[in-house]
**Student:** 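I'd like to ask you about the structure that follows.
In the text below, chain A, chain B and the rest are named by the order of the sequence lines, each starting its count at 1. Side chains included, hydrogens not; waters and symmetry mates left out as well; all remaining heavy atoms used.
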Amino acid sequence: PCHASDGEILIGHPACLSGSYAKAGEQAVGGIQAILDWVNNTRGGIAVEGRKASLVYKYYDCESKKESVTSLLERLITSDKVHFTFAPYSSGLTLAGAPIAEKYGMIYMDHGGASDKIFQQGFEYVVQTIGPGSLYHAGTLEMVKAIDPSAKKVALAYADDEFARSVMKGAEERAAELGFEIVFNRTYPAKVTDLTPLLSDLKASNPDVIIGGGHFEDGQLLNRQLADLGIQPKLLSLIAAATLPAFGEALGDLAEGVMGPSHWEYGVTFSEKGAKKLGKMWIGPNQEEFVALFKKAVGKDMIPDYHAAEAGAAVLALVLAVEKADSLDPDDVREALGDLEFMSFYGGWNIDETGKQVGHSMVDVQWQKGQRVIVWPVAAQTGKPLYPKPDFK
Amino acid sequence: MPLLKCEHVSKRFGGMVAVDDVSFEIMSGELMAIVGPNGAGKTTMFNLINGVFLPDEGHIWFAGVDVTRFPSYKRAHLGMGRTFQIPRPFASATVQENIAIGAMFGAAGGELNVEEAMEVADEYIDLIGLKAHRNKPAGGLTPIEKKLVEIARALAMKPRLLLMDEAMAGMNPKDIDQMVTFIRHIRDVEGIAVVAMVEHIMRAVAGLAERVMVMHQGAKLVDEPTREALNDPRVIEVYLGRQAEEFNAKG
Amino acid sequence: MFFEQLSGNLVQGLILGSVYGMATMGLSLIFGVLQVVNVGHGAFIMVGAFTALILFQSLGVPPILAIPVALLIGMCLGMIFYYGAVKPLVSPSGAGIRKVGRRQLGKAAGVFVAVMIAMRILSGVLDLNIAFSIFIAIILMYAFLVYVYGGRRQEKGPELATLLVTFSLGVILEEVVKQIFTSEARGYNWDLGKLDLGFTVLPFTKILASGGSLTVAVLLYLWFNKTRAGMAMRSVVEDSVGARVCGVNVDWQYALSFSLGIGLTVTSGVLLTMFIPVGINPYMGGGYTLKAFVIAVLGGLASPYGAFFGGVVFGLLENGSYTLLAALPGGEPFALTRFFSFVMLLVILLIRPTGLLRRKG
Amino acid sequence: MRGSGKYLPIVPVLAAYALLLLYGLAAPGKWQLVAQLAFYCALGQAFNLFMGMTGYVDFGYVAFLGVGTYGMAVTISSLSDGGLGLGIILIGFLAAAVFSTILAMAVGAVALRLRGAYFAIATIGVNEGFRYLIEGARIWNGADGIIFSRHLKTALGRKMAMTVSTFWADIFVFGVAVLAAVLTLYYLRNKVGYALLALREDEDAAKVMGIDVTRYKIIAFITSAALAGLLGASGWALKLTYVYPPDVFEIHYTVEAIIIVLLGGAGTLMGPIAGGLIYGVSKYFLAITLPGFQLLIFAPIIIAIIVIFPEGLVGILKGKVHGTSLEKFVI
Amino acid sequence: MLKVENLQSGYGPMQVLWGPDIQVKPGTVTSLLGPNGAGKSTLLWTILGAVRPWEGKIFFEGEDVTFEPTHKKADRGLVMVPEGKHLFKEMTVYENLLMGAYRKGAQEEREANLELVYSLFPILSERRTQRAGFLSGGQQQMVTIGRALMARPRLLMMDEPSQGLAPKIVMEIFETVEKLKEEIGLTILLVEQNASASLEAADYVYVMHEGVIMAEGTPEEIEASHEIKEAYLGI
Ligand SMILES: Nc1ncnc2c1ncn2[C@@H]1O[C@H](COP(=O)(O)OP(=O)(O)OP(=O)(O)O)[C@@H](O)[C@H]1O
Ligand SMILES: Nc1ncnc2c1ncn2[C@@H]1O[C@H](COP(=O)(O)OP(=O)(O)OP(=O)(O)O)[C@@H](O)[C@H]1O
Ligand SMILES: [Mg+2]
Ligand SMILES: [Mg+2]
């Protein structure tokens, strides 16, 4: 599959539309479709091998299951003859498809597998857009140190899985560097429904800062039960939960002041101008446009979250790489991706030689009066941090 | 040496003593019946002999081995076969397979492979006259046919002691007589089985048993040759009642 | 400190356990009467959770008042599912499909095609997507088969087959709810204040949830043991032939207990959200199904109030053991509490192979 | 049933697998589909060996696949520098079989004393408990799992590692399926099969017939578990080159196994193949034509099939060929 | 009281009843005899509605009840003592008896009936709080009969009530049957293997074989016919 013969470039995706990752999967599909719309209709396609080609998106539902990933991926590659493939959501499923992509020498865009370990396996065609887990809390802790040098005690309470562990390991190292003291460091099983015993234990350590979470459901639960038990930290930061719009809806007042690191957020002000200032290449719709395209794509009044943004940004990376390589040959495109550095609504994009994302930095988001406000880094701020966080009622 | 020997066997359920210090013996080749009023502990005694329950006190010897704590499959290997009060053939297996299972795993077991066991089964099918049903699932048979299959299955185990719990309940007198003849025939001709049975049908008891043990309230009341036992006033009092006259009148 | 935490966790475990127990009673009831293991149990809990959520968020109905609504919804669902899918497999008097030949299947396929065409025409008006029309057409085709050719099959279907049916019913509920509400995790916020015990804090909603569970358990116990209708249902459990000759309408008792079991399960979904009012999503039931299975076995499987008891034991074990396991060096105490409670399950089953409350038969 | 004819039913089984394999080799780009179907068939076949023959449902069955996966993963990730070449895979399979057998013996000793639903649910406890033990005690990296694609490449070279993951692993899955079928038939035709038949029908009566029921249950249980271990080692470990505990101790796979076996017909030899193919093909087809809606369509279809054909498809077939010359091929 | 015309039924594809006609007059004991597998139990189950009639008619007290469901018939006072016990094993003896009075119309006289049952089977009174499953076979049979009496039946159908009972009790059961007939005017349809006892108790006898009625008459007539006794009754 090397030529855009009939002017179409096919992107194949074994998406997760049902099963445990359905939510993230739906977002990713919407994000990809939104950017496709932009590339084909606003940008006018992709210039490759002397002609304009448009993007076509082909996706199946892998049900969030590893067996289906391999067969659907192979079908996309061999029967549908797609030119590029996207990985399903999560590190595990990304890994499940990797051997097939490698076998066929197919570019495999990882937009939802944050594990650093994927890139230690010697895969040649896996390219990451989501940032590695270890960097999530760097900013958060810097923020605390900057605002409140007296806050010392940090508690970590998080889901026992590969992703949350790598995030928390990063946080732990960062905390040590910045002179914090880790007073509590415990995990809970991934699909937990009651955290009370863990939180009673945490309460005893009387922390200033609580960092935790892992997924959306347990993040909600953690917040809720901290409130139930009357634990009042000065800062509460939850990964993969607090940044999503539904978080505030679900928790109402209890979300006030809760923070979370995010790859992207509705409200981040990356712009073409900003990119120019930094001397970076810019591509893609601006944020408002992206949100509008996303809503059109999913046919619902739904705000895109970072799952959508990541997947969309991965499409943009492909567009630039194809044009740069002026070829659809996976090896050429892979090389071009390796050299690529750009900015988009999603922020910076740049990978290292293993394919791992290193050019993207995160923002910290905080719920303030029912709105999500970007409070850190200062450069991206849309509002001042609320610190210490107001007590739970 | 007796084939089966029970010594001071007792079994309690909660506070109630179902079998109370019972001792008795069965000799090889003997036809013996256990009778007694309802709730006297006969079935419980049976289950103790057979290993479905373990006794709280006392000892049981079978074929010279102390089997008191043996699980029932080990007793079967020593040559103990039984039928159930309500027949329990393996419903989805054919008649032939049912009987072959007995041959495969019973006292004869260990030596027979599947093919040989099937052949043995065919012999017993002829014996009980169920040839027409050989390849039918046992679940589809009439109750009486099920009973026959169950007896054949127990016999195919080549038991030295055959235990039958109310095998003739629900049969009409003609069938009972046939069954009595059949079992006597097995004992005499095949020479394998000693039968101990629990029965309430006097026609069967009188026709088959040489000796009768009568139980009452868990304990042994009488253990004598059939005629004497059934004429014992205590037995008439607690068990036979008015039917004793009828029975004695007949023979 | 240690004891303060331990007692805090035990109190929390007790409260949680009572809700767990409530969430298991429906499972036990259905198993006890119909010998059906409801593998889709969690999906019904999910329906209850959504009932509470929707009533509270869009109508402002406090969850405690959602209980009768949930019971009603659950019983209706139970009736529909019983007559539609479960009865053909379990009912001794047989309402299964007598015998499916080519002709019947042909006609059913005709119904399918007709419905598809109708939906195609209607889809412009109703704004249904294609998948949903196929779904409805399949259901109608199936209903056609069951009701038109539903006959007098006497032999019982293999009991295992009901596993597939209940599993699929759960999947259908999950998928339908997903289509309507998306797979977003939701929550609501019903605040009644808290009770501070010193060593732990209990929101009144939790206490209310636990009290509600206890009330339901007691009512169920009384109903089963003291009323004529409850005795009738028990008699069906014991011996359906015997019940029949006593004049009990056995088929109806089956339907009723299935529907009551589902009703209780949906209701428990409401109580669970009072306990944990977040994370409400179409797939939330899976974890509860596993727990309910274990609790049901602890309590003796066929006994609904045994299930309640089992739930309390399980809650105490799960929460109480944390404090002990956290005192051990290394390891992750929370995951180990799960390990510990499952080990306890096995130990209990070794000592009492038929659960805590069930006598050996 | 006498003589040489008694193993005839293996013929259609082997033919079915051979056809499936040939299709995969011949049709371009269908290999992974065929591999997925083979996985479902093998899963059903191995599960059926215990469930179909004893009537006991092991809800925790997936735990054996899980430890098998770990057996392979641990072997490869710790011995990759040993210069063992392809031998490492052999050792991996051995480890998988040993791990799953040991777990089966431990579980069997406890759970096989229980009956009916108590057994089924106790085994769920085993699966969940084992998973949380691995996570909680941080055994084999705990929840971090093992990602060993790199190790496989070190041990076998990049090219070979890729071929193993995308081709040989699937061939091994076929091997497990065939092995399971052969063992099933062998058991069915020998004393084990009759003992299991008896205990499935009436455990107490079986005991009285002289059948050491525990022993025969354990035999079937361990065989079935060891096959599951091998299946995990090939279909999951070698193929996907990573293992996360929540992924391999996921109870959903047990449910899938039950669906496959029942769709095909429990206790039959061909059933798991029929069930696996129907299950796999319908899911694949629906995932492609109606992505996101496939379960909504699939679930009512399952209900319809099971209500209309409660004995499963091969169960129906058995009834149809009864009394014809084909009878001796179908069980 | 009960009239059955040309009744046909069976299980699945297998037909068992091939059109027997029988009649039961009020206040009598009607006995149904026949070899094993003749279809006697099937006839009772079909009358009760637990086995679906294929053809024919069933009239109870003049009304056509052919397709009425079992519980409706029970409400009319059509009560059965089934073969094979079928009592509620986990319930106490007392609860079992209470269940007997479940049908409409039996509730009011519950206490009186209980007295009657306890006087017939004193052992049940002793064991009233015991679980029925732990009783001996014969004691369970007593519970089953007692339970049926608790329903205050208009027509009592007894399927082999003496099975598994000690000879002394068998006699008592037959005495009870006669007593019930005489004292409370109960109508009874009796199926028994114990032909001689059954003939003694009956007012009228049907002999059934392979699903059809081969002979009928008063006990004396049947007693007198050697062919019938030889061929169908085995005495
Ligand atoms: N599992 C049990 N638990 C409690 N009590 C029991 C149990 N089995 C039997 N019993 C009691 O033990 C006594 C003896 O019962 P058993 O069944 O041995 O009597 P039986 O002599 O066989 O009577 P029948 O002739 O009526 O069958 C009875 O009173 C019965 O209630
Ligand atoms: N539930 C059932 N399913 C299928 N066949 C049955 C069922 N019950 C009875 N049969 C069959 O129906 C026929 C008549 O049986 P039925 O029990 O009515 O005879 P019966 O005259 O009562 O015999 P018995 O004296 O042994 O009680 C028999 O061939 C029997 O195998
Ligand atoms: Mg007895
Ligand atoms: Mg009968």
**Student:** Determine whether a donor-acceptor pair (N or O, by modelled atom type, separation under 3.5 Å) exists between the side chain of Lys191(D) and the backbone of Leu112(B).
**Tutor:** yes
**Student:** Output the distance between atom CE (Met209(D)) and atom OG (Ser72(B)), rounded to the nearest 0.5 Å.
**Tutor:** 11.0 Å
**Student:** Using every non-hydrogen atom in the two residues, find where Glu201(D) and Ala91(B) come nearest and quote the distance to one decimal.
**Tutor:** OE1-N, 3.2 Å
**Student:** So how far is it from Leu199(D) CG to Phe90(B) CZ, rounded to the nearest 0.5 Å?
**Tutor:** 8.5 Å
**Student:** Run the numbers on Arg189(D) and Val114(B) for side chain to side chain contact (heavy atoms under 4.5 Å, CB included), then give the verdict.
**Tutor:** CA-CA 8 Å; Arg189(D) 289 299 190 234; Val114(B) 174; over 6 Å; no
**Student:** Looking at every non-hydrogen atom in both residues, tell me the closest pair between Gly210(D) and Ala76(B) and how far apart they are.
**Tutor:** CA-CB, 3.3 Å
**Student:** Between Ala117(B), Ser92(B), Ala100(B), which has the largest tally of heavy atom pairs under 4.5 Å with chain D?
**Tutor:** Ser92(B)
**Student:** How far does NZ of Lys207(D) sit from CZ of Arg75(B), to the nearest 0.5 angstrom?
**Tutor:** 12.0 Å
**Student:** Give a yes or no on this: more than 12 heavy atoms of other residues, nucleotides or ligands lie within 6.0 Å of atom OH of Tyr186(D).
**Tutor:** no
**Student:** Verify side chain to side chain contact (heavy atoms under 4.5 Å, CB included) between Val213(D) and Tyr73(B), making sure each step is shown before the conclusion.
**Tutor:** CA-CA 8 Å; Val213(D) 288; Tyr73(B) 74 90; over 6 Å; no
**Student:** I'd like to know if Arg88(B) and Asp204(D) make a salt bridge, using a cut-off of under 4.0 Å between side-chain N and carboxylate O.
**Tutor:** yes
**Student:** With a 4.5 Å limit on heavy-atom distance, are the side chains of Asn190(D) and Asn113(B) in contact?
**Tutor:** no
**Student:** Does Phe105(B) form a ring-ring contact (aromatic ring centres under 6.0 Å, His included) with Tyr216(D)? I'd like the steps, not just the answer.
**Tutor:** CA-CA 12 Å; Phe105(B) 298 99; Tyr216(D) 288 103; 5.7 Å; yes
